[in-house]
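Step one of this worksheet: look at the structure below.
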Amino acid sequence: MREDSLKKNQVYEQLKGLIEDGTHPRGGKLPPERELSKQLKVSMSTLRSALERLEREGLVVRQRAKGTFVSDGSVKISQRHGLIANLTR
């Protein structure tokens, strides 16, 4: 496994753990990418790869110019259409 892939997986697992243990609670906003990359001591590219994976898995929702939010379980991301549908209605 290449070193950059290993680092991306480590960052993904670290962020996933922080979400699962409640450090970043459901519905909460994650720190800005620049701040988060400094906290985790990784490049922006590595961080973004991990966030993209978390988004694909439905653990976070990324909103352009607003930030990245931990999924609160009330949204479903449609991979095929790139839409967010509210399931609580």
Side-chain angles (χ1 to χ4, degrees):
M1 182 180 279
R2 292 184 20 205
E3 188 175 329
D4 60 330
S5 293
L6 179 62
K7 189 68 170 176
K8 289 173 188 176
N9 285 332
Q10 289 172 339
V11 173
Y12 160 81
E13 291 294 339
Q14 188 173 5
L15 287 171
K16 184 177 177 184
L18 292 170
I19 290 168
E20 290 174 345
D21 75 8
T23 300
H24 295 296
R26 296 181 122 196
K29 184 177 179 182
L30 293 179
E33 288 182 2
R34 185 163 302 182
E35 182 181 327
L36 199 51
S37 70
K38 286 180 184 178
Q39 288 175 4
L40 300 173
K41 298 180 176 137
V42 297
S43 69
M44 294 284 286
S45 174
T46 298
L47 175 65
R48 286 182 180 139
S49 292
L51 290 173
E52 287 169 9
R53 184 171 168 192
L54 290 167
E55 184 178 32
R56 283 193 308 271
E57 294 180 4
L59 293 172
V60 300
V61 177
R62 298 170 83 194
Q63 296 179 352
R64 187 179 182 126
K66 292 188 179 188
T68 302
F69 301 84
V70 177
S71 176
D72 64 5
S74 68
V75 295
K76 180 178 179 181
I77 300 172
S78 171
Q79 295 282 335
R80 189 176 358 193
H81 302 293
L83 300 174
I84 299 175
N86 189 336
L87 300 178
T88 58
R89 290 185 187 175

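We count residues from 1, following the sequence as given. Model, not experiment: these values are computed from the prediction.
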Q.
Going by side-chain hydrogen bond (donor to acceptor under 3.5 Å, both in side chains), name the residues that satisfy it together with T46, two or more places apart in sequence or in a different chain.
A. S43
(Q) Once side-chain hydrogen bond (donor to acceptor under 3.5 Å, both in side chains) is applied, do any residues pair with E52, and if so which ones, sequence neighbours excluded? (A) none
Q.
Could you walk me through whether I19 and V60 satisfy the side-chain contact (heavy atoms from CB on, under 4.5 Å) test, starting with their C-alpha distance in whole Å, then the side-chain angles of each, then the deciding distance to 0.1 Å, before giving a yes or no?
A. CA-CA 9 Å; I19 290 168; V60 300; 3.8 Å; yes
Q) Considering only heavy atoms from C-beta outward, does the side chain of R53 approach that of L59 to under 4.5 Å? A) no
Please report the interatomic distance [atom1]([X]) to [atom2]([Y]), rounded to the nearest 0.5 Å.
{"X": "L47", "Y": "K38", "atom1": "CG", "atom2": "NZ", "answer": "12.5 Å"}
{"X": "L51", "Y": "E33", "atom1": "CG", "atom2": "CD", "answer": "5.5 Å"}
{"X": "L18", "Y": "L54", "atom1": "CG", "atom2": "CG", "answer": "10.0 Å"}
{"X": "Q14", "Y": "K7", "atom1": "CD", "atom2": "NZ", "answer": "8.0 Å"}

Quick one: list whatever passes side chain to side chain contact (heavy atoms under 4.5 Å, CB included) with [X], sequence neighbours left out.
{"X": "Q39", "answer": "P31, E35, L36"}
{"X": "S49", "answer": "K8"}
{"X": "R64", "answer": "none"}

Q) Would a hydrophobic clustering, with Ile, Leu, Val, Met, Phe, Trp and Tyr connected at side-chain separations under 4.5 Å, put V70 with L40? A) yes
Show me, pair by pair, the donor-acceptor contacts under 3.5 angstrom made by side chains of residues 22-30, not counting sequence neighbours?
unit_1, atom_1, unit_2, atom_2, d
T23, OG1, D21, OD1, 2.6
T23, OG1, D21, OD2, 3.4
K29, NZ, K66, O, 2.9

**Q.** Listed partners of E13 passing salt bridge (Lys or Arg N to Asp or Glu O under 4.0 Å), at least two apart
**A.** none
Q | Closest non-hydrogen atom pair, S71 against G58 | A | CB-O, 3.2 Å
